[in-house]
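The next block holds one structure in the form of structure tokens; read it before the comments.
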Amino acid sequence: MKKKNLAIAGGIVIGFGSLILLSREQLAQNFPVLGNLLHPLTARIEDSDLSEIQAKTLHAARDSIAVAETLAAEPIAAPPAPAPVKEQAQPWKLGLSGSDPAPSLNLDSNIKSFSPISLDPHPAQLPSAGEQLLLPMLNNKSVKVNVESVTTNSNGDFIWSGHLDGHNNDYPVVMTYGENTTFATITTPEGSYSLEAVKGVGWLYKNPAEAELTHQGKDDFLIPDIK
């Protein structure tokens, strides 16, 4: 935009200067209409003054051309690179490293899909409202969660809650950091999951469906004892 404005200004100066550089006779012969319009003005200008005006105009035109040539020779600046996208934080990792102890929690026998996990039980930077987290899930999958609220209880427990990204408020997620234990509940279109950890190691598992919790041929209701 700056180059364009300067080029236009230079063109105006050059065009106006070319008219002034013409003598009265040349102006009248080549531009009779314009000559008639400018005649009252040029009639009051002495030849010596006209020569000085012509010299100044020529000098200004040369300066404008020099500025335009300098700007044209400058490389066009590339647009600024977009800011890097902030990587989504991952509150836990699937699997254990060689230095991690085995989880001290025992899984229920009804749980069929699970994985050991490790995490920082006291992270230096806890999630905040408005942040987006990437939660590693079973079978090499992951889900994005929008953190919507955070709370610190009187006992020091830190709780963040939100919902699965892209599903409005249909699939809530809650995670609690205690003094030694960490819990999380993650609901997804494929079912609900739980995370339980003690001192940074534990399990992520899929909660069994109701049908998986009942044994075939066994009543899943109680008959009141009426006497």
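This is a predicted model, so every value here is computed, not measured.
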### Task
Indicate yes or no: at least one non-hydrogen side-chain atom of Q90 is less than 4.5 angstrom from one of P136.
yes
### Query
Can you list the other members of the hydrophobic cluster that holds L96, where links are side-chain heavy atoms under 4.5 angstrom apart?
V201
### Message
Any non-hydrogen side-chain atom of E148 less than 4.5 Å from a side-chain atom of N169?
### Response
yes
### Pairwise side-chain contact, P91 with L119, heavy-atom cut-off 4.5 Å (strictly under)
no
### Task
List the atom of S118, the atom of G95, and the distance in Å for their closest heavy-atom pair.
OG-O, 3.6 Å
## Note on the structure
Across all chains, not counting sequence neighbours, the side-chain contact (heavy atoms from CB on, under 4.5 Å) partners of S97 are S99, D100
### Task
Could you pull out all residues at least two apart from H122 that satisfy ring-ring contact (aromatic ring centres under 6.0 Å, His included)?
none
#### Entry: With S154 via side-chain hydrogen bond (donor to acceptor under 3.5 Å, both in side chains) - residues at least two apart
none
### Message
Going by the rule side-chain contact (heavy atoms from CB on, under 4.5 Å), which residues pair with N155 if we only count those two or more places apart in sequence or in a different chain?
### Response
N153, D157
### hydrophobic_cluster_shared for I186 and L126, side chain cutoff 4.5 Å
yes
#### Entry: pair P208-K112: side-chain heavy atoms closer than 4.5 Å
no
### Task
Tell me, please, which residues at least two apart from N146 pass side-chain hydrogen bond (donor to acceptor under 3.5 Å, both in side chains).
Q132, D165
### Query
Partners of F183 by ring-ring contact (aromatic ring centres under 6.0 Å, His included), sequence neighbours excluded?
none
### Value rounded to 0.5 Å, distance of CE in M137 from CD1 in I117
11.5 Å
## Note on the structure
Taken to the nearest 0.5 Å, the spacing of Y177 OH from I159 CD1 works out to 12.0 Å
### S142: partners by side-chain hydrogen bond (donor to acceptor under 3.5 Å, both in side chains), with sequence neighbours left out
none
### Query
Quick one: does D170's side chain get under 4.5 Å of L164's, heavy atoms only?
no
### Message
Pair T182, T176 - check side-chain contact (heavy atoms from CB on, under 4.5 Å), show working.
### Response
CA-CA 6 Å; T182 310; T176 302; over 6 Å; no
### Query
Among all residues two or more places apart in sequence or in another chain, which pass the side-chain hydrogen bond (donor to acceptor under 3.5 Å, both in side chains) test with S161?
S149
### Message
Using only atom types and a distance under 3.5 Å, with no angle test, would you say the side chain of N139 pairs donor to acceptor with the backbone of K141?
### Response
no
### Task
Verify, without hydrogens or angle tests, whether K206 (side chain) and E190 (backbone) share a donor-acceptor contact under 3.5 angstrom.
yes
### Task
Treat each ILVMFWY residue as a node, draw an edge where side-chain heavy atoms are under 4.5 Å apart, and state whether V150 and L135 are in one component.
yes
#### Entry: Remaining members of the apolar cluster that contains I111, side-chain heavy atoms under 4.5 Å
L105, L107, F114, V198, W203, Y205
### Message
Please evaluate residues W92 and L195 with respect to the criterion side-chain contact (heavy atoms from CB on, under 4.5 Å), reporting the C-alpha separation (whole Å), side-chain torsions for both, the decisive distance (0.1 Å), and the verdict.
### Response
CA-CA 10 Å; W92 63 79; L195 180 144; 3.4 Å; yes
### Task
Under the side-chain contact (heavy atoms from CB on, under 4.5 Å) rule, what do T181 and E179 come out as? Steps first, then yes or no, please.
CA-CA 6 Å; T181 57; E179 182 178 357; over 6 Å; no
### Task
Write out all pairs satisfying ring pair (Phe, Tyr, Trp, His ring centres under 6.0 Å) with one or both partners inside residues 146-170, taking only residues at least two apart or from two chains.
H167-Y171
### Task
Name all residues meeting the side-chain contact (heavy atoms from CB on, under 4.5 Å) criterion together with S115; count only those two or more places apart in sequence or in a different chain, and write none if there are none.
L94, L138
